[in-house]
Protein chains: 2
Amino acid sequence: MDFSIGELAKRTGVKVPTIRYYEKEGLLDAPLRTQGNQRRYRAQDLDRLGFIRHCRDLGLPMPAIRDLIDLGQHPDKPCREADRIAATQLQSVRERIAHLRKLEAELERITASCKGGHTVTDCNVLKAFGDHSLCRDEHAAPTKA
Amino acid sequence: MDFSIGELAKRTGVKVPTIRYYEKEGLLDAPLRTQGNQRRYRAQDLDRLGFIRHCRDLGLPMPAIRDLIDLGQHPDKPCREADRIAATQLQSVRERIAHLRKLEAELERITASCKGGHTVTDCNVLKAFGDHSLCRDEHAAPTKA
DNA sequence: CTTGAACCTCTAGTCGCTATAGGGATTACA
DNA sequence: TGTAATCCCTATAGCGACTAGAGGTTCAAG
């Protein structure tokens with residue numbers, strides 16, 4: 001019926017300190033304790049932690065997960081908000097991909113410029129790292145919105 | 001000839017506290033100071049900071065930048081190391097892209113599952129966030145090597 | 001000579017954990 | 001019942017790469 005934090009960790013693949021951290025951050029409810037002050041969890045905590053873990057794997061930041069959990073507690077609310085969170089995350093993922101693809105292109109160009117020139121003095125790689133004007137594109141990190 | 005930290009910031013687009021941080025971390029040499037203890041920079045510092053900034057824009061972690069700078073100070077060394085750093089970074093960028101593309105696919109699927117079902121009770125988006133078995137692929141974050 | 005902008009150092013906060021220290025609880029087995 | 005192994009507890013500090021703020025000093029222009 002009840003199980004320890006170690007059991008919960010084993011069943012979900014989430015590490016023990018991380019579980020305690022989620023509790024402190026309010027993503028997991030504080031569970032009952034034994035007389036000796038140890039946490040004892042139930043099936044519903046397993047579900048909740050599985051939800052959190054999947055959201056984290058999908059890259060959602062913790063405030064977004066908090067919002068989704070709150071939403072899950074109010075079954076009558078419209079699910080527009082959940083959809084908005086998913087869409088926002090999708091957009092952010094796409095922006096990060098776009099940025100990384102530019103980096104990929106520049107880094108390809110930079111590594112290709114190494115003709116085995118042997119010493120640092122005439123090293124195109126070092127030159128390329130130093131000089132943005134050699135780049136085809138802008139590629140500065142996006143100011144996170 | 002010499003200029004202040006604010007000037008250096010303006011010319012490179014790197015913020016003043018960040019410049020001080022780079023100095024503390026050993027990426028920038030400690031510059032000369034005025035009698036009143038204010039930093040005064042020269043052209044070479046501008047070049048160095050430009051190099052650092054471009055590397056950061058390309059996503060290089062600070063230890064890699066440190067290595068490149070060290071390398072630049074020893075013109076006789078082979079540039080193999082610089083090439084290796086670039087190649088490593090390229091690989092890491094490619095891995096991150098691969099991961100994000102999986103997330104993108106799952107998030108597309110999740111957002112598409114919202115048929116405007118109106119309330120949370122029958123919200124496919126929330127279900128999808130909670131249940132990895134609905135996903136087509138593995139998409140957990142890669143354990144960073 | 002005064003004003004106001006720019007500078008100084010130091011500390012703490014960001015995010016999502018992870019690691020460690022220094023202890024107490026539980027469980028399995030003899 | 002004793003004891004040893006393994007678990008669990010709290011609290012604090014660290015990661016990377018900055019950013020923000022407090023509280024005080026110096027510089028440059030008028």
Side-chain angles (χ1 to χ4, degrees), chain A residues 1-28 30-41 45 49 51-67 69 89 92 96 99 140-145, chain B residues 1-28 30-41 45 49 51-67 69 89 92 96 99 140-145:
Chain A
M1 195 74 232
D2 293 12
F3 41 90
S4 71
I5 196 169
E7 259 302 296
L8 183 60
K10 215 171 296 176
R11 294 198 205 179
T12 57
V14 176
K15 286 177 188 153
V16 168
T18 306
I19 295 173
R20 288 196 277 249
Y21 170 71
Y22 287 160
E23 178 183 331
K24 190 155 67 76
E25 294 301 304
L27 296 187
L28 285 174
L32 297 175
R33 302 274 185 142
T34 62
Q35 285 196 322
N37 199 35
Q38 298 196 359
R39 293 169 178 82
R40 286 298 174 267
Y41 293 94
D45 301 305
L49 185 52
F51 180 89
I52 294 168
R53 200 212 138 134
H54 193 219
C55 288
R56 290 293 305 126
D57 284 349
L58 286 166
L60 292 190
M62 292 179 56
I65 299 176
R66 236 188 299 267
D67 290 349
I69 289 171
Q89 178 62 10
S92 138
R96 275 182 284 163
H99 179 228
T143 10
K144 56 180 163 186
Chain B
M1 195 71 231
D2 292 13
F3 42 89
S4 71
I5 196 169
E7 260 302 296
L8 183 60
K10 215 171 294 174
R11 294 198 204 179
T12 57
V14 177
K15 287 177 189 153
V16 168
T18 305
I19 295 173
R20 289 196 276 249
Y21 170 71
Y22 287 159
E23 179 185 329
K24 191 154 67 76
E25 295 300 306
L27 296 187
L28 286 174
L32 296 176
R33 303 273 186 141
T34 62
Q35 286 198 322
N37 199 35
Q38 299 197 357
R39 292 169 178 82
R40 284 300 173 265
Y41 293 93
D45 301 306
L49 185 52
F51 180 88
I52 294 167
R53 201 213 138 135
H54 192 220
C55 288
R56 290 291 307 125
D57 284 349
L58 286 167
L60 292 191
M62 292 179 54
I65 300 176
R66 236 189 299 267
D67 290 349
I69 289 171
Q89 178 63 9
S92 139
R96 275 182 283 164
H99 179 227
T143 8
K144 54 179 161 185

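Predicted model only: the values in this text are computed from it and were never measured. Residue numbers start from 1 in every chain, and the chains themselves are labelled A, B, ... in the order their sequence lines are given, proteins ahead of strands.
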Checklist line | Non-hydrogen atoms of B:Val16 and B:Ala9 that approach each other most closely | finding: CG2-CB, 3.7 Å
Next item on the list: Side-chain contact test, heavy atoms from C-beta onward, threshold under 4.5 Å: evaluate it for A:Arg56 versus A:Tyr22 and give yes or no.
Entry: yes
Checklist line | Most 5' of B:Met62 and B:Gln35 on DNA chain D, judged by nearest nucleotide | finding: B:Met62
Note to self: What verdict does the side chain to side chain contact (heavy atoms under 4.5 Å, CB included) test give for A:Arg40 and A:Ser4, after you've listed the backbone C-alpha separation in whole Å, the side-chain angles of each residue and the deciding distance to 0.1 Å?
What the structure shows: CA-CA 5 Å; A:Arg40 286 298 174 267; A:Ser4 71; 3.6 Å; yes
Checklist line | Verdict with supporting geometry, A:Arg33 and A:Gln38, side chain to side chain contact (heavy atoms under 4.5 Å, CB included) | finding: CA-CA 5 Å; A:Arg33 302 274 185 142; A:Gln38 298 196 359; over 6 Å; no
Item checked: Closest-nucleotide ordering on DNA chain C, the 5'-leading residue of A:Tyr21 and A:Thr34 -> A:Tyr21
Check: Could you run down nucleotides 6-11 of chain D 5' to 3' and tag each one B, S or - for protein heavy-atom contact under 4.0 Å?
Finding: --SSB-
Checklist line | Which atom of A:Ile69 lies closest to which atom of A:Leu27, heavy atoms considered | finding: CD1-O, 3.6 Å
Notebook entry, point to check: Between the side chain of A:Arg20 and the main-chain N/O of A:Ile5, is any donor-acceptor distance below 3.5 Å?
Noted result: no
Next item on the list: For B:Leu28 and B:Asp45, work out which heavy atoms get closest and say how close.
Entry: CD2-O, 4.4 Å
Margin query: Whole angstroms only, please: what is the NZ-P distance between B:Lys15 and D:dC18?
Written below: 10 Å
Notebook entry, point to check: Taking all non-hydrogen atoms of both residues, which atom of B:Pro61 and which atom of B:Gln89 are closest, and how far apart?
Noted result: CD-OE1, 4.0 Å
Notebook entry, point to check: 5' to 3' on DNA chain C, which nucleotides open and close the contacts with chain A (atom under 4.0 Å from a heavy atom)?
Noted result: C:dG16 to C:dT26
Margin query: Nearest whole Å is fine: how far is D:dA17 P from B:Tyr22 OH?
Written below: 9 Å
Next item on the list: Taking Watson-Crick and G-U wobble pairs with both distances under 3.5 Å, convert DNA chain D into its dot-bracket string, 5' to 3', dots for unpaired and | for cross-strand pairs.
Entry: ||||||||||||||||||||||||||||||
Margin query: Tell me the closest heavy-atom pair linking A:Arg53 and A:Thr12, and the distance in Å.
Written below: NH1-O, 3.0 Å
Check: Would you say the side chain of B:Arg96 lies within less than 4.5 Å of the side chain of A:Arg96, judging by non-hydrogen atoms?
Finding: no
Item checked: Length of the CD-P vector between B:Glu25 and D:dG14, whole Å -> 14 Å
Next item on the list: I would like to know whether A:Phe3 and A:Lys10 meet side chain to side chain contact (heavy atoms under 4.5 Å, CB included); could you show each step before the answer?
Entry: CA-CA 11 Å; A:Phe3 41 90; A:Lys10 215 171 296 176; over 6 Å; no
Next item on the list: Quickly work out the B:Leu60 CG to D:dC18 C1' distance and round it to whole Å.
Entry: 17 Å
